[in-house]
Amino acid sequence: MTTVTEPARRRRIRVPTPYLLLLPGLAWLAFFLLVPLVTLVSMSLQSGSFATGYRLTFAFGNYPEALSAYVVWFGRSFLYAGIATIAALLIGYPLAYAMAFKVGRFKYVLLTLVIAPFFTSFLVRTLAWTTILSDTGAIVGLFRGIGILGAQDRLLATPFAVICGLTYNFLPFMTLPLYASLEKLDRRLIEAAGDLYASSFRTFRKVTFPLSLPGVVAGTLLTFIPAAGDFINAELLGSPQTYMIGNVIQSQFLRALDYPTAAALSVTLISVIVVFVAVYVRRAGTEELV
């Protein structure tokens with residue numbers, strides 16, 4: 001009869017421990033991500049009406065119908081999100097660079113100021129921009145005074161206002177990953193570039209920026225993804241002519257009660273973003289290696 005030694009028994013007990021530690025996280029993801037996603041896909045393949053009820057008929061035609069009807073809103077969403085992401089990068093990178101290299105112990109003050117908007121509601125922050133960009137506000141008055149805006153021109157209810165709101169609300173998601181990437185950068189590499197007579201600009205272009213690319217990738221994804229699906233900024237700062245696909249989905253779910261169309265739009269948006277993320281991360285990883 002074969003006996004199991006004590007060390008072998010201990011090894012069998014220890015092998016599944018890492019997997020057991022993963023169980024709470026996997027259960028959380030399954031319940032709050034996988035189950036809603038499966039439900040959403042199932043709903044997108046249903047047919048019927050709110051009055052008579054919906055049933056699963058594998059109506060794949062819901063997808064081309066929804067996409068053809070609202071392709072303009074998709075394009076507008078990705079355009080606004082892309083511009084807001086670029087604007088956040090242009091603002092957030094110098095801010096993160098200053099916190100990492102220039103301001104010394106005052107970086108904690110700047111970090112607090114970056115995080116401070118999270119202490120208030122997303123809705124309240126967006127509503128504040130309706131006052132900032134109002135027709136009687138200081139910014140519009142200044143722009144009219146210097147001739148940028150005419151007497152009848154306005155900033156509120158325009159694409160400019162929506163992009164400003166998106167940039168402001170998601171700027172911390174850009175700044176914090178950039179700061180984390182720049183903060184852990186090995187300063188000796190920058191000093192070595194200076195010892196080799198590289199100018200400050202060349203050092204930044206050849207050393208600092210390439211080494212901060214992980215933060216750039218993380219920041220752009222964390223900004224673009226929620227911005228593409230946002231509907232609050234377009235609802236409060238824009239007009240029906242500036243609505244994004246998130247506004248359409250919200251309207252289809254809560255007003256039109258057309259659940260299959262809303263679900264099809266949601267699944268399409270998720271799919272496009274997943275493909276974009278996969279391609280973007282792959283290309284960014286390739287450029288980083290080069």
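All of these numbers come straight from a predicted model, not from anything done at the bench.
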(request) For residues Leu185 and Ile190, determine if any side-chain heavy atom of one lies less than 4.5 Å from a side-chain heavy atom of the other. (result) yes
(message) On a heavy-atom basis, which atom in Ala264 and which in Ser44 lie closest, and how many Å separate them?
(response) N-CB, 3.5 Å
(request) To the nearest 0.5 angstrom, please state how far the CD atom of Gln250 sits from the CG atom of Leu265. (result) 13.0 Å
(message) Grouping I, L, V, M, F, W and Y whenever their side-chain heavy atoms are under 4.5 Å apart, do Phe50 and Met43 come out in a common cluster?
(response) yes
(message) Could you go through Tyr70 and Thr261, starting from their C-alpha distance and side-chain angles, then the distance that decides it, and tell me whether this counts as side chain to side chain donor-acceptor pair (under 3.5 Å)?
(response) CA-CA 10 Å; Tyr70 298 106; Thr261 298; over 6 Å; no
(request) State the CD1-CG distance between Ile273 and Leu269, to the nearest 0.5 angstrom. (result) 4.0 Å
(request) Check whether Phe170 and Leu123 end up in the same hydrophobic cluster, where Ile, Leu, Val, Met, Phe, Trp and Tyr are linked by side-chain heavy atoms less than 4.5 Å apart. (result) yes
(message) Rounded to the nearest 0.5 Å, what separates atom CG in Leu254 from atom OH in Tyr259?
(response) 7.5 Å
(request) Give a yes or no on whether Arg55 atom CZ has more than 12 heavy-atom contacts from other residues, nucleotides or ligands under 6.0 Å away. (result) no
(message) Starting from Leu33, can I reach Phe31 by hopping between I/L/V/M/F/W/Y residues whose side chains sit under 4.5 Å apart?
(response) no
(message) Could you report the tightest heavy-atom contact between Leu156 and Ser134, atom names first, then the distance?
(response) CD2-CA, 4.4 Å
(request) Report yes if some heavy atom in the side chain of Trp129 is under 4.5 Å from a heavy atom in the side chain of Leu236; otherwise report no. (result) no
(message) Would you say that Ile270 contacts Leu37 through its side chain, given a criterion of any heavy-atom pair below 4.5 Å between the two side chains?
(response) yes
(request) Taking the side chain as every heavy atom from C-beta outward, state whether Arg76 and Val162 have any pair of such atoms under 4.5 Å apart. (result) no
(request) Examine distances only and state if a side-chain atom of Ser77 and a backbone atom of Ile245 form a donor-acceptor pair shorter than 3.5 Å. (result) yes
(message) So does Pro64 get a backbone contact from the side chain of Ser68, meaning a donor-acceptor N/O pair under 3.5 Å?
(response) yes
(request) State, yes or no, whether a side-chain contact exists between Tyr63 and Val267 at a heavy-atom distance under 4.5 Å. (result) yes
(request) Would you sort out whether Ile148 and Asp153 count as a side-chain contact (heavy atoms from CB on, under 4.5 Å), showing the intermediate values? (result) CA-CA 9 Å; Ile148 296 179; Asp153 294 332; over 6 Å; no
(message) Could you measure the distance from the OH atom of Tyr80 to the CG atom of Asp230? Nearest 0.5 Å is fine.
(response) 12.5 Å
(message) Minimum heavy-atom separation for Arg187 and Leu182, please, with both atom names.
(response) NH1-O, 3.9 Å
(message) Using every non-hydrogen atom in the two residues, find where Arg125 and Asn169 come nearest and quote the distance to one decimal.
(response) NE-OD1, 3.3 Å
(message) Is the ring pair Phe204/Tyr93 parallel, tilted or perpendicular, if the boundaries are 30 and 60 degrees?
(response) perpendicular
(message) Taking the side chain as everything from C-beta on, heavy atoms only, tell me whether Asn233 gets closer than 4.5 Å to Phe122.
(response) yes
(request) Measure across Leu166 and Ala227 and return the closest heavy-atom pair with its distance rounded to 0.1 Å. (result) CD2-O, 4.1 Å
(request) Could you label the plane-to-plane angle of the Phe276 and Phe224 rings as parallel, tilted or perpendicular, counting under 30° as parallel and over 60° as perpendicular? (result) tilted
(message) Does atom CZ (Phe118) have a neighbourhood of more than 12 heavy atoms from anything else shown, all under 6.0 Å?
(response) yes
(message) Within the structure provided, determine whether Pro177 and Leu222 are in side-chain contact (heavy-atom separation under 4.5 Å).
(response) yes
(request) Determine, using the 4.5 Å side-chain heavy-atom cutoff (strictly less than), whether Tyr168 and Leu95 are members of one ILVMFWY cluster. (result) no
(message) Apply side-chain contact (heavy atoms from CB on, under 4.5 Å) to residues Leu189 and Thr203 and explain how you reach the verdict.
(response) CA-CA 9 Å; Leu189 297 174; Thr203 300; over 6 Å; no
(request) State plainly whether one hydrophobic cluster holds both Leu40 and Ile225, where clusters connect Ile, Leu, Val, Met, Phe, Trp and Tyr through side-chain heavy atoms under 4.5 angstrom apart. (result) yes
(request) Using atom types as modelled and distance alone, determine if a side-chain donor or acceptor of Ser251 lies under 3.5 Å from a backbone N or O of Asn247. (result) no
(request) Let me see the working for Thr57 and Gln46 under side-chain contact (heavy atoms from CB on, under 4.5 Å), right down to the final yes or no. (result) CA-CA 5 Å; Thr57 59; Gln46 296 177 5; 5.7 Å; no
(message) Within this structure, what is the CG-OH distance for the pair Leu257 and Tyr54, rounded to the nearest 0.5 Å?
(response) 6.5 Å
(request) Under the side-chain contact (heavy atoms from CB on, under 4.5 Å) rule, collect the residues that match up with Arg205, sequence neighbours excluded. (result) Phe201, Arg202
(message) If I take atom CG from residue Leu79 and atom CD1 from residue Ile163, how far apart are they, to the nearest 0.5 angstrom?
(response) 6.5 Å
(request) Could you identify which residues cluster with Leu26, counting Ile, Leu, Val, Met, Phe, Trp and Tyr as linked when any side-chain heavy atoms lie under 4.5 Å apart, either directly or through a chain of such contacts? (result) Leu22
(message) Looking at Thr112 and Tyr108, would you say the former's side chain and the latter's main chain have a donor-acceptor pair under 3.5 Å?
(response) yes
(message) Can you give me the closest heavy-atom contact between Thr242 and Gly238, atom names plus distance?
(response) OG1-CA, 3.1 Å
(message) Ignoring hydrogens and geometry beyond distance, is a side-chain donor-acceptor pair present between Tyr97 and Ser212 at under 3.5 Å?
(response) no
(request) Mark yes when over 12 heavy atoms from residues, nucleotides or ligands other than Phe106 sit less than 6.0 Å from its CZ; otherwise mark no. (result) no
(request) Would you check, one step at a time, whether the test side-chain contact (heavy atoms from CB on, under 4.5 Å) holds for Leu178 with Leu89? (result) CA-CA 9 Å; Leu178 288 171; Leu89 179 61; 4.1 Å; yes
(message) What I'd like to find out is whether the side chain of Thr268 reaches to under 4.5 Å of the side chain of Phe74, using heavy atoms alone.
(response) yes
